[in-house]
Amino acid sequence: MDAKQLERRHAAMKAARAKHESVWRDCLDHTFPYRGDGFGRTDTSAVAGAERRARLVDGTGADSARILASAIMGGVTPANSRWFALELPKAQGDERVWLDETADRLWRNIHGANYDAAGFEAILDAVSIGWFVLYIDEEPGGGLRFDAWPAAQCCVSASKPGGRIDTIYREYELTAEQALAEFGGAISEKTRELAESKPDTLVTFLHALQPRPEGRSDAIFARDLPFASFHVELKAARIVREKGYHEFPCVAPRWQLLPASHYAVGPAADALPDMRTLNEIKRMELAAADIAVSGMWKAVDDGVLNPRTVKIGPRKIVVMADIKSMEPLETGSDFNVAFAAEERLQAAIRRIFMADQLQPQDGPQMTAYEVHVRVGLIRQLLGPVYGRLQAEFLQPMIERCFGLAYRAGALPPAPEGLRDRSVSIKYVSPLARAQSLEDVSAMDQYETVLMNEAEVEPSILDNYDFDEAARTRAQLLGVPAKLTRNARDVEQRRRARAEAQREQDARMVEAEGATAMAQAAGERIGRQVAV
């Protein structure tokens, strides 16, 4: 594939994306105006961003969107507790320990890098426009690196109908000096000259990521790996770097898919009509407040008073022929109507972003039942969103991070029994645990019923496998694998305990027999002495 082919495909992808840009731009203008640069705008300066921010006279949308983004970040990938585990069917003791230690080390590497900062920036885009692109690679000195690519720079596609995003074309800029440092002699002669004469001149590049049909995961050379990467200097139509990846290096989840499109919209699109109306009402309210504070007047040109030049204010004298030549004018505005409309619209916006449900409420501390009901409500609200994030965000991110860490030798040596076996990912984040609370609650209720019925008929307990229930409850609650024993170890311990109990019983029987014999012998001796 040459540079011209890549440029033509990029142009086609930009044209397909252009029809959605106005909606994304409006959503960002009403939530995070500075993040809307590039979606059909040529003026992307800080001044233009400040002007858009100034036109946003009500911050309900921005505040609610930030609350939702924080709730997703803290509920899906919290930095203070491990939110995923690695699982393998019928894993034994050393295998289970390796899986647990590997997941723990991988989690520490993710949050030891810049994921928390880049991930939150990406989630802000997901809430506002419904999708984002997060690039994951290895730092030159070791460790992971996460880059939240600006969505306005990216065009996305999928090679399979209904599949994950696996094709991304990103148009970005580097200074001539940066381009020379990044690509060396592969850049054009003109760019090399600019690096010497005008090093701060911006040069446009295209980074194309796409599947390589003939690629192999066991390939020796990067150009033969499953995913291809091309960096193109656009003006020179020149490929300056070609490489490959074992896994797709980006994750690009989507909130709510648009029909017949690879793109999506977020909750901000649902709240957009209310945010527009709220800002218009707020502007009218501010204008009415200006009139209410400074007043509005009617004046008659009576030959002495000239309404066109008169200025009113404190410590000013207005000369007029008659006291009625100038009087206050009633505006007819009703602030109560504006306040009621504002409250209704603000409540609707916060409801769409689930801000009231996700944000802790002021007041007395909640009871355990209230906390359980609240967690259940949050699970119902975010459950569908979490399902898509799990499929398009968490799983490919963990697979990518695992591959990088494994090839870099950052993971502990795997036991021999794990060869050629597929490891699955289980999510144990607070939100995932909340989704498992119903199973735990059902088990607790059923066990309580069984224990009550066992008082009448003890054999009823044969219907329930308490050992398997204990292991399942530990998994649902996220108990570390090294703290739980598998069925084989439990059986061995029980067998050893039973054997020890039998030996102890035998010793007791033997001791009791010896005592009885001694007593019998004593009684015989006593009778003989008496005789």
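The basis for the numbers below is simple: all heavy atoms, side chains too, and nothing from hydrogens, waters or symmetry mates.
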**Student:** Does CZ in F221 sit with more than 12 non-hydrogen atoms of other residues, nucleotides or ligands closer than 6.0 Å?
**Tutor:** no
**Student:** Can you find a heavy atom in the side chain of L144 that is under 4.5 Å from one in the side chain of Y115?
**Tutor:**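 They are not in contact (no side-chain heavy atoms under 4.5 Å apart), so the answer is no.
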**Student:** Between the side chains of D104 and R108, is the shortest nitrogen-to-carboxylate-oxygen separation below 4.0 Å, so that they form an ion pair?
**Tutor:**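 Between D104 and R108 there is a salt bridge, with a charged N closer than 4.0 Å to a carboxylate O.
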**Student:** Run N279 and R55 through side-chain contact (heavy atoms from CB on, under 4.5 Å) and show every step you take.
**Tutor:** CA-CA 8 Å; N279 275 272; R55 290 195 293 269; over 6 Å; no
**Student:** Give me the atom names and distance for the closest heavy-atom approach of A151 to W131.
**Tutor:**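 Closest approach of A151 to W131: O-CH2, 3.5 Å.
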**Student:** May I ask you to decide whether R164 forms a salt bridge with E399, counting only side-chain N to carboxylate O separations under 4.0 Å?
**Tutor:** yes
**Student:** OG1 of T102 to CZ of R105: how many Å apart, nearest 0.5 Å?
**Tutor:** 7.0 Å
**Student:** Please confirm whether the backbone N or O of W107 pairs with a side-chain atom of H111, one donor and one acceptor, at under 3.5 Å?
**Tutor:** no
**Student:** Which heavy-atom pair separates S422 from L88 by the least distance, and what is that distance?
**Tutor:** O-CD1, 3.0 Å
**Student:** Could you tell me whether E392 and R388 make a salt bridge, using a distance below 4.0 angstrom between a side-chain N and a carboxylate O?
**Tutor:**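 Yes, this pair counts.
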**Student:** Keeping the roles fixed (side chain from R241, backbone from H231), state whether a donor-acceptor pair exists under 3.5 Å.
**Tutor:**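 Not confirmed, R241 side chain does not pair with H231 backbone.
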**Student:** Under 4.5 Å between any side-chain heavy atoms of V265 and L258, yes or no?
**Tutor:**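 Counting from C-beta outward, V265 and L258 do come under 4.5 Å.
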**Student:** Using the side-chain hydrogen bond (donor to acceptor under 3.5 Å, both in side chains) definition, which of the options Q153, H10, H207 pairs with R170?
**Tutor:** Q153
**Student:** For I72, run the side-chain contact (heavy atoms from CB on, under 4.5 Å) check against T77, L389, L124 and tell me which one passes.
**Tutor:** L389
**Student:** Would you please classify the geometry between the Y172 ring and the F205 ring as parallel, tilted or perpendicular, with 30° and 60° separating the classes?
**Tutor:**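 Ring orientation of F205 relative to Y172: parallel.
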**Student:** Flag the pair W83 / I398 as yes when at least one side-chain heavy-atom distance between them is below 4.5 Å, and no otherwise.
**Tutor:** yes
**Student:** Salt bridge or not for R276 and D26, using N-O below 4.0 Å?
**Tutor:**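 Result for this pair is yes, salt bridge flagged.
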**Student:** State whether the side chain of D465 and the backbone N or O of D467 hold a donor-acceptor pair below 3.5 Å, judged by distance alone.
**Tutor:**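 Side chain of D465 to backbone of D467, a donor-acceptor pair under 3.5 Å: yes, one is there.
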**Student:** Contact between L6 and I239 at the side-chain level, heavy atoms closer than 4.5 Å - yes or no?
**Tutor:** yes
**Student:** So does F84 get a backbone contact from the side chain of R82, meaning a donor-acceptor N/O pair under 3.5 Å?
**Tutor:** yes
**Student:** Go through I129 and R25 one step at a time and tell me if the side-chain contact (heavy atoms from CB on, under 4.5 Å) criterion holds.
**Tutor:** CA-CA 8 Å; I129 65 174; R25 186 171 59 244; over 6 Å; no
**Student:** Indicate yes or no for a side-chain donor-acceptor contact from W255 to the backbone of A264 under 3.5 Å, with no hydrogens or angles considered.
**Tutor:**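 Not confirmed, W255 side chain does not pair with A264 backbone.
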**Student:** Tell me, do D356 and R351 make a side-chain contact under 4.5 Å, heavy atoms counted?
**Tutor:** no
**Student:** In terms of the angle between their ring planes, are Y135 and Y245 parallel, tilted or perpendicular, with boundaries placed at 30° and 60°?
**Tutor:** perpendicular
**Student:** Give a yes or no on whether the backbone of D125 and the side-chain of R35 come within a donor-acceptor separation of less than 3.5 Å.
**Tutor:** no
**Student:** Return the CD to CD1 distance between Q346 and I281, rounded to the nearest 0.5 Å.
**Tutor:** 10.0 Å
**Student:** Would you call D274-R344 a salt bridge at under 4.0 Å N-O?
**Tutor:**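 No, no charged N to carboxylate O under 4.0 Å.
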**Student:** If we ignore hydrogens and angles and just use 3.5 Å, is the side chain of R216 paired with the main-chain N or O of D224 as donor and acceptor?
**Tutor:**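 Not a single qualifying donor-acceptor pair exists.
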**Student:** Tell me, yes or no, whether the heavy-atom count around Y446 atom OH, taken from other residues, nucleotides or ligands under 6.0 Å, exceeds 12.
**Tutor:** yes
**Student:** Is the shortest side-chain heavy-atom distance between S22 and F39 below 4.5 Å?
**Tutor:** no
**Student:** Does the distance from a Lys or Arg side-chain N to an Asp or Glu carboxylate O, for E491 and R494, drop under 4.0 Å?
**Tutor:** no
**Student:** Under 4.0 Å between a side-chain nitrogen and a carboxylate oxygen: does that hold for D444 and R473?
**Tutor:**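 Yes, this pair counts.
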**Student:** Checking side-chain contact (heavy atoms from CB on, under 4.5 Å) for the pair V76/Y427: CA distance, chi angles, key distance, verdict?
**Tutor:** CA-CA 9 Å; V76 175; Y427 303 96; over 6 Å; no
**Student:** Can you tell if the side chain of M275 reaches within under 4.5 Å of the side chain of T31, non-hydrogen atoms only?
**Tutor:** yes
**Student:** Please evaluate residues F146 and M397 with respect to the criterion side-chain contact (heavy atoms from CB on, under 4.5 Å), reporting the C-alpha separation (whole Å), side-chain torsions for both, the decisive distance (0.1 Å), and the verdict.
**Tutor:** CA-CA 10 Å; F146 298 86; M397 181 177 74; 4.1 Å; yes
**Student:** Could you give the distance from NE2 (H262) to CG (D166), rounded to the nearest 0.5 Å?
**Tutor:** 9.0 Å
**Student:** Where do G61 and F353 come nearest, in terms of heavy atoms and distance?
**Tutor:** O-CE1, 4.2 Å
**Student:** Donor-acceptor pair, distance only, cut-off 3.5 Å: does the side chain of D63 make one with the backbone of T60?
**Tutor:**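 Such a contact is absent between D63 side chain and T60 backbone.
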**Student:** Search all heavy atoms of C401 against all heavy atoms of L106 and return the closest pair with its distance.
**Tutor:** O-CD1, 3.7 Å
**Student:** Where is the tightest heavy-atom contact between C250 and W149, given as atom of each residue plus distance?
**Tutor:** SG-CZ3, 3.7 Å
**Student:** Aromatic ring centroids of Y34 and F32 under 6.0 Å?
**Tutor:** no
**Student:** Looking only at heavy atoms, what is the nearest atom pair of A252 and V133, with distance?
**Tutor:** CB-CG2, 4.3 Å
**Student:** May I ask you to check whether over 12 heavy atoms, not counting those of R407, lie within 6.0 Å of atom CZ?
**Tutor:**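 Above 12, so yes.
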**Student:** Between R17 and A152 (side chain of the first, backbone of the second, donor and acceptor by atom type, cut-off under 3.5 Å), is there such a pair?
**Tutor:**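 Judged by distance alone, yes, a pair lies under 3.5 Å.
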**Student:** Determine yes or no for a side-chain-to-main-chain donor-acceptor pair under 3.5 angstrom, with Y263 supplying the side chain and V156 the backbone.
**Tutor:**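 Checked: pair present.
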